[in-house]
Amino acid sequence: MGASANAKLLNRSGSSDLGLERDVNEGSIAEDRHDGLERDGSVVEDGREGSLQHEGSPVADVNEGSLQCEGSPALLDRLKRKVTIEDEEDEEDEHSMARPASKDKTSEGSDEEMDDESEEEEDWFGAALPKAPWLQGLSPLDILNEDFEIEAAERGIKLSDDDLNAIHAFNYKVDVNLGTTSYEKLPRAFPSLSNLLSLQQLQTRITFLSGVQPVSNTDMIEKMEYHTKFTHQSGKMTDVFNGLHYQRLCTTRVTVDHTTLPHKFFSQDTDIAMGISTDGFCPFKHHKQTCWPIIAFNYNLPPEIRFHRSNILCLGVIPGPKQPKDMDSFLTPLINEFLELAHGVAAFDRKRLRTFMLHTYLILAFGDMPAVAKLLLMKGHNGLCPCRACEILGVRDTTSGSTTHYTPLHRFDSPSYDPRCLPLHTHSGLLLQAIHIEEAATDAEAERRSKKYGIKGVPALSRLSSISLPTSFPHDLMHLLENIIPELVSLWTGDYKCLDTRTESYRIPDNVWKAIGEACAGSGATIPSAFGCRVPNLRENRSHFIAESWMLFASFVGPAVLHCRFTRPAYYKHFISLVQIINLCLEYELTDEMIQQIEDQCIKWVEDFEQIYLQYSEERLPVCTLPIHALLHIAQDIRNMGPMWTYWAFPMERFCGSLLPSIKSRKYPFTSLNHRVWDIAQLDQLKLLYNLFDELDLSDRKDVKIQGKNYDGYPGFVMVRPNKRLPVDIALKKKISHHLITNYGVESAAAASRLIPPELEHWGRLLQVNDGDMIHASDLVAKPDGYRDATYVKLSREDAERPLDDVVEH
């Protein structure tokens, strides 16, 4: 769906501090700096005829006010002809509309006549809404102006060879992260590229071609219909749309700046649900400099492609070298965009060929605890109420002089907290506290109130009525584990903070840790790469661990290498309970019973943790960190916002990792990041505008598909070289015979043997076409350094019961 305002949101950072800013004039065909766009559809730029051609485009000015009507009656007659209400027809499928025209400001007539005509128009237009709900919020001018959009959709946009060559060059530059100097040397290294545009010419051309235009990619439109086709199943949690927050929004009218609008959230099938995430990452190995990307996710897309890099929208990167003190100042332009989109922006549906009102709503935001604290303006562990989900009071460790507040359930001088009845924060409660802080007479009083409540002011995101505090800010499983698992390891090794735990019974001896570390490092050789990265040596290279490493250690490696390593089985059972919680939280679908199980197990785990590690001693207070307490809230997060995979931070981690190679200058790292983010955004826009996803694919998989061999009956697989034709030996013949007898009902080994030819084609690799794995045959493919042995992994086919004739044929 190609709304100019939607493209505005997705293509602009909103602030020069967020990266590279671009101004978009809604409704215009091209940006102001490209004033060479001629009305015959051709482009004149830099004195030469361009090539963005609309075949047969009419001579017309599409700007509002350029089409002259014969006065209001003529406008109303045209509108009625465009929108005909038929009781017995399904207008959802058969209605087609046209693009807006403006009234003739010079039309004659008295004010009274104009008022009568206006009332007639409004009465008729209101009557049309029940049969054509997509008209809600559109003006008659918006509807009539879609004529130009329909013509453009029917003719399409034709790129010239020069433009395609420029796009291919830009795609190569971005794909391999080619620097300026390397790009300029290409014509010198390859004389056949003498016509290659200079980098400045290339950037100018790409900026024009990727300008905001209606998107005619019907494949993407169909993918975004996932939200419309999603079916809510009671008692089952499969996506964010099952969450209580989304369900409540669907019955609530939209409010913008204290004004209640006539439409409800997600009342139209074209409404878009968005989420944002932010996190700080270091451009270099040391932690002295940091920057903060802000990325957005389109929840209308299917889960299998929702978090792909090509579908992630980078709204900007807050530059360093220090972390932002006022996150709201960077978010304000984005929030203003969302407020505009909550009102609705006239857009054109190129699939149904009609104008509609596009609404986009931000429903959740997530990240690690410091990032969410910045989004919510919360003090975090420095406040007396450190938790963003509940009002539990923090306890300071007075022995260390630290300002950190810890959150044990057990209290030493007051009643302990019941984990099932925690005093939860509410949206209205947090806002009242924030307003109370802002109304303080002095800064000192404001700071005192801020420390008491744990919040520093009214978050800018609270201006969006689609956001609920703190419901829309669920806890991220990845960062919780990235804090909890290392804390447990530090306790087991006896080096946790200032606690002397070397005499504790849960401590694992150094010689045992050495063996555990070696086992962790060796496990990577037999864990397929599809499961994730290698787990480093836990004893020698703990600093090399990343979030993915800790997740793999907890899920796969830890239960094996820690078995029988503790002096008491209770410690191992406690760890396994955490593993069970993790595995449940990683499920793509959760029933109400499973969510309740997560809640019960988290409560018991936290209570057991305090018994084992806190030991109800004030001196051991630092073990009760905020991530440990946050486990008590993840079940409610799931009920409110859906399964935890819908808002975990792994996509953000991968995105930050993709930015690191772009830093070409240690002196100006943030400039390099800005250029990289801008280039990626332009390339993604080009692929979407002109449907060039396959043509610009430079991956090995594309060549493999072309060079490989397809067999009839196996559409999802491609056989890839190396290949040999070899005789069938006795051992292989027995295996094939057993397979035919077991799966295809062949009566005997003799009958199966007669079906097997004397020679068979042996292939070294098998590619699963639809974004599947590349499977290697160990006997034919050379093993590279660092090879992972996956020979024990079995490929099973769901359609194993295929006709025997198909099997014999191959």
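Note that the structure is a prediction, hence the values are computed from the model and not measured.
- No donor-acceptor pair closer than 3.5 Å links the side chain of Asp608 to the backbone N or O of Trp605.
- Put simply, the side chain of Glu548 gets close to the backbone of Cys533: a donor and an acceptor are under 3.5 Å apart.
- With rounding to the nearest 0.5 Å, the separation of CG in Leu480 from CD1 in Ile485 is 10.5 Å.
- Looking at heavy atoms from C-beta onward, Ile628 lies in side-chain contact with Glu487 at the 4.5 angstrom threshold.
- Between the side chain of Thr251 and the backbone N or O of Arg248 there is at least one donor-acceptor pair closer than 3.5 Å.
- Residues Arg253 and His263 form no side-chain contact, since every pair of their non-hydrogen atoms from C-beta on lies 4.5 Å or further apart.
- Note on Glu599 versus Arg639: salt bridge recorded, some NZ/NE/NH1/NH2 to OD/OE distance being below 4.0 Å.
- Looking at heavy atoms from C-beta onward, Glu445 lies out of side-chain contact with Glu439 at the 4.5 angstrom threshold.
- A 4.5 Å side-chain heavy-atom check between Lys236 and Glu589 finds at least one atom pair inside the cut-off.
- Classification of the Tyr572-Phe566 ring pair by plane angle, with boundaries at 30° and 60°, yields tilted.
- Between the side chains of Arg449 and His436, at least one donor N or O sits under 3.5 Å from an acceptor N or O.
- Between Phe366 and Phe297, the angle of the ring planes stays under 30°, which puts this pair in the parallel group of the 30/60° scheme.
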Decide side chain to side chain donor-acceptor pair (under 3.5 Å) for Ser490 and Arg542; before the verdict, give the C-alpha distance in whole Å, the side-chain angles of both, and the deciding distance to 0.1 Å. CA-CA 10 Å; Ser490 295; Arg542 199 188 307 181; 3.2 Å; yes
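- Using modelled atom types, no side-chain atom of Tyr299 and backbone atom of Phe241 make a donor-acceptor pair closer than 3.5 Å.
- A salt bridge links Arg620 with Glu504; the closest basic N to acidic carboxylate O contact falls under 4.0 Å.
- Asp239 and Arg306 are joined by a salt bridge, as a carboxylate oxygen and a charged side-chain nitrogen come within less than 4.0 angstrom of each other.
- Remark: the backbone N or O of Ala460 is paired with a side-chain donor or acceptor of Asp328 at under 3.5 angstrom.
- In plain terms, the two heavy atoms of Leu334 and Leu315 that are nearest each other are CD2-CD1, 3.5 Å.
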- When you look at Asp600 and Gln596, which way does the side chain to side chain donor-acceptor pair (under 3.5 Å) test go after all the steps? CA-CA 6 Å; Asp600 294 339; Gln596 186 60 48; 3.0 Å; yes
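- Classified by interplanar angle (parallel below 30°, tilted 30° to 60°, perpendicular above 60°), the ring pair His410/Phe412 is perpendicular.
- Without hydrogens or angle criteria, Thr255 side chain to Ser465 main chain gives no donor-acceptor distance under 3.5 Å.
- Side-chain N or O atoms of Asn311 include none that pairs as donor or acceptor with a backbone N or O of Phe307 at under 3.5 Å.
- Residue Gln433 forms a side-chain contact (heavy atoms from CB on, under 4.5 Å) with just one option from Leu431, Leu430, Ile435, and that option is Leu430.
- Residues Ile467 and Ser462 form no side-chain contact, since every pair of their non-hydrogen atoms from C-beta on lies 4.5 Å or further apart.
- For the side chain to side chain contact (heavy atoms under 4.5 Å, CB included) test, residues two or more places apart in sequence or in another chain that qualify with Thr278 are Trp292, Ile294, Met327, Ala371, Leu375.
- Taking 4.0 Å as the cut-off between side-chain N and carboxylate O, Glu607 and Lys604 do not count as a salt-bridged pair.
- Between Lys452 and Glu447, no side-chain nitrogen of the basic residue sits less than 4.0 Å from a carboxylate oxygen of the acidic one, so the salt-bridge criterion is not met.
- Rounding to the nearest 0.5 angstrom, the gap separating the CG atom in Leu488 from the CZ atom in Phe553 is 9.5 Å.
- Ring planes of Phe556 and Phe531: perpendicular class, angle over 60° (limits at 30 and 60°).
- Minimum interatomic distance between Tyr453 and Cys385 (heavy atoms only, all atoms of both residues): O-CB, 3.6 Å.
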Quiz prompt | Thr259 and Asp257: CA distance, side-chain angles, deciding distance, side chain to side chain donor-acceptor pair (under 3.5 Å) verdict | solution = CA-CA 6 Å; Thr259 300; Asp257 292 334; over 6 Å; no
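- A salt bridge does not link Asp271 to Lys264: none of the charged nitrogens lies less than 4.0 Å from a carboxylate oxygen.
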Next item on the list: Test Tyr571 against Ser505 for side chain to side chain donor-acceptor pair (under 3.5 Å), laying out the working first.
Entry: CA-CA 9 Å; Tyr571 304 141; Ser505 57; 2.3 Å; yes
